[in-house]
Structures are given as structure tokens and as C-alpha cells.
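Okay, so here's the structure we're looking at.
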2 protein chains.
Amino acid sequence: MARVGLTTERLARAGAELADEVGFAQVTVSALAKRFDVKVASLYSHVKNSHDLKTKIALLALEELADRGAAALAGRAGKDALAAFANVYRDYAREHPGRYAAAQLRLDPEAAAASAGGRHAQMTRAILRGYDLAEPDQTHAVRLLGSVFHGYVSLELGGGFSHSAPDTQETWSRIIDALDALLRNWPTA
Amino acid sequence: MARVGLTTERLARAGAELADEVGFAQVTVSALAKRFDVKVASLYSHVKNSHDLKTKIALLALEELADRGAAALAGRAGKDALAAFANVYRDYAREHPGRYAAAQLRLDPEAAAASAGGRHAQMTRAILRGYDLAEPDQTHAVRLLGSVFHGYVSLELGGGFSHSAPDTQETWSRIIDALDALLRNWPTA
DNA sequence: ACGACTTGCCTAAAGGCTTTAGGTAACTGC
DNA sequence: GCAGTTACCTAAAGCCTTTAGGCAAGTCGT
């Protein structure tokens, strides 16, 4: 009965890898147990239940994404910051589709409060420092940026833009150009 | 052994209702059988398997959404058309969250080809007739609009904007204003 | 109207995932 | 080296999926 050394942390990390390999929806307590070559019941000492496991993976992904965002924003401003931050989302989703899907999990209020969600909002707001927007337009713009990033990435990942010219990289660049132009010229009510 | 009169069609329709009530992820062959007061195995004459059922619900939702979109676009142009079409997505998602989630299901190529996906793209392109955009910018714009609509709606539905001022209706209106302004003034490469 | 065919719904059964209860063996520290 | 903790185990119940095979309720030809 050799001990494997399970921890909540290691389970979440392995769950994230599993998600990237087989899809977040296919992440299961059972599959994770197989990956550690351990009986299923053993995981229940480290994780409350299946939903708890998924939540932990989601929190991990949000954390990673926020870290990457912060790194990208450091020392950048204006359109440069906008583009770098946008690319963080897109690249992360392409490198880690399962984790990105996990980050979209609807969290209960408690988990949401403990998540890196706030950091994401703060960073988006920081990008807008390079543009001249007062409240409430700033909040509207934060929400727009969040919508575009998330919407584009999830449509692209889901194959919504597949096999049609022009290629998605080109579109992505032009969308960032367009957002930059829009933020510099935000219509007043 | 009274016959209930199951059909693929009725199953998809009832599945869509079930999705709106308990969430698309909770739609299960088993739950659907209970709803018809019929044994689970009976459904397998009308539906290949669980995934097939979900696909049929997704196709139904895409169809409904396209129908609403077409109705909204009839007799409208420019910003008027843009706003009406955008509201179709948002309203549909709010009225039918389960169906909307179903519409996001990643379809295999065969199902995707048979879906109303093409109609959606065509309608978005039709909206752009009110603006002066040549290819390839038109395609970029189609993708941007799709991203914003889907991204905003799914973030709002997921509670991403909850409990923070200003309210989401206000943001939604201002985002449509912003998109209109952007399309009238699309930045040239 | 009645027999034959079709088919809609059934029972039975196997396999997988989740979750809980309770046991045993491996580490930890005095 | 012993006591206590804890990591992992076995066992079992419950629910969902899916397939195989059966009977009765419809439908159709004559």
C-alpha cells in the first residue's frame, strides 16, 4: 500500500492537465483516480465531491490567467497593453483549452469571492487608464472588453470561425485595432 | 401499456424545456423519460444516445434563435437592425437559458452543416449592409459582432456582471451604441 | 372484420461514475 | 518503539447509459 502523496493541490493540478487532454466536461473523480493509480474513494479525503474538484480547477485556471495578465500588463500602456492582455486570453485558451473551459465554470458566490475574478476586472480597468474614459463609461468599456475577449476566444475554440477565409489571426489583430479605435473615440451618450 | 406517442421531435422539444428548467448540463435521457412517465430504454428508439439528444436540442435552439433573428431584421436597417438583432440574442438567452447553453454545444461537422449556423452568419452580414464595409473587413466585423453578442450574453448569464453598478441594461445599450459608432467608423488597415 | 406485420414501449442486465461508511497499514512524534 | 493520526483501501448503494430481446398496441391487406 505505497502512499502516493495526494493533496488537494496536486489533485487540482492533475485535474487541470486532464482537462486540457480530454476536455473539462470529461474530468471526473474516477478518471483522476486512475491517473494517480489509486482507488476512487481515496480522492474523497482531499476533495468534497465532483463539483468541488471542478471548482478547484476553475480557481487554478483563473489564478494562472490573472498571473499571465499581470505579467503582460507590466510596463505597457495604451494599445500595447490592450493587445498584450487580449493575447493572454487567446493564447491561454489555445494552449490550455480545458483550463479555459474550467475558468468559465459558474462559481457559487463564496468561490467567486475567493477567486481571481477581481484581479481580472482590475486589470481590464487598468488598461483603460491609457484611454480617456470616466465612469460610468469606464465600466461599460470594461464589460465590452470582457465580452469581446471571452466571446471571440470561445467562438474560435468552439470552431465557430473554422475553415473560412480570412484566417483568424488576421481577424484577431483587426479586432484589437477596432477596439483601440473605439476606446479612443468612445461615443458620448 | 398505453402509448405516449414519443417522437424525436417531441423529445427534443421536451428536452429544451427541461434544459430551461434545470440547466442544459442536467438534461439526461433518464430525466426526460421521467417527464414522459416512460421507461428510460424507450427513448433509445427515438434518439441514438445522450449526445445525440443534446445535439438535437442544440439544433432546435439554433433554429429558434435564427427564426427570431430573421423576424427582428425584417424591415429594419442600420443601427435599428443592429440593436434589434442584438436584443434577440440577449432576450433569448434570458428567456431560455438552457436552450441558449445548448446552442453553444460544439457540434460535429455533420451536425454543424445541417444547423442554422449559416443563417446566423448570413443575418449578421445582412446587418452590415447598413454600414460601408468591404471584404475582408466585413468578415472581421461579422466575427466581432458574434463575439460581442455571445460574450456579453454568456458573461451576463453566468453572473459575471452581477451586483455591480451600473446596471446591465444600461451597459448593453451603450455597447450597442459603441458598436454602431465603430461600424460607422471602422479603422482602415 | 380479422389475421399479419410493424413498431412502440417494456423488462432485464451489464457497466460506469459518485458518494458514504468503516477498516487497515503506513507515516509522525514523544 | 509505541500511540496516535492519516492516507489509502474494501464494500456497498444509488443513479445514469446503453444494449438485447419480448409483448402488446397500432396499421394494413384482404
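Note that these values count all heavy atoms, side chains included, but never hydrogens, waters or copies made by symmetry. Chain letters run A, B, ... following the sequence lines, proteins first and then strands; every chain starts at 1.
Side-chain atoms of A41(A) lie closest to dT20(C) of the nucleotides dC16(D), dT19(C), dT20(C). Distance from the side chain of S30(A) is smallest to dC17(C) among dT17(D), dT7(C), dC17(C). The side chain of S50(A) approaches dT19(C) more closely than any other nucleotide in the set dT19(C), dC16(D), dT6(D).
At the phosphate of dC9(D), OP1 or OP2 sits under 4.0 Å from a side-chain N or O atom of S42(A). OP1 or OP2 of dC8(D) lies within a sub-4.0 Å distance of a side-chain N or O belonging to H46(A). The side chain of T28(A) places an N or O atom within less than 4.0 Å of a non-bridging phosphate oxygen (OP1 or OP2) of dT18(C).
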Collect all protein-nucleotide pairs involving nucleotides 3-5 of chain C in which both atoms are nitrogen or oxygen and the distance is under 3.5 Å.
none

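Ring-centre distance between Y92(B) and H96(B): below the 6.0 Å cut-off.
Taking atom CG of residue L53(B) and atom P of nucleotide dT18(D), one finds them 10 Å apart after rounding to whole Å. Per the geometry, CD belonging to Q26(A) stands 17 Å off C1' belonging to dT18(C), to the nearest Å. Counting to the nearest Å, the P atom of dA25(D) and the CG atom of L6(B) are 16 Å from each other. The interatomic distance linking L43(B) (CG) with dT11(C) (P) rounds to 14 Å, in whole Å. One interatomic measurement links the two molecules: CG of N49(B) to P of dT19(D), which rounds to 7 Å at whole-angstrom precision. Between K39(A) atom NZ and dG22(C) atom P there is a gap of 22 Å when expressed in whole angstrom units. Rounded to whole Å, atom C1' of dT6(D) lies 20 Å from atom OH of Y44(A). The nearest whole Å value for the distance from the CG atom in D37(B) to the P atom in dG8(C) is 19 Å.
Each of D80(B), L82(B), V142(B) was evaluated against I127(B); a single residue qualifies, L82(B), per the side chain to side chain contact (heavy atoms under 4.5 Å, CB included) test.
Salt bridge E17(B)/R13(B): absent, no basic N to carboxylate O contact under 4.0 Å. Electrostatic pairing of R94(A) and E156(A) counts as a salt bridge here, judged by a charged N lying under 4.0 Å from a carboxylate O. R143(B) has no carboxylate O lying under 4.0 Å from a charged side-chain N of E170(A), or vice versa, which leaves the two without a salt bridge.
By the 30° and 60° cut-offs, the orientation of the rings of Y89(A) relative to H120(A) is perpendicular.
V40(A) comes within 4.0 angstrom of a base, heavy atoms only.
When the shell of 6.0 Å around CD of E110(A) is examined, it contains 12 or fewer heavy atoms from other residues, nucleotides or ligands.
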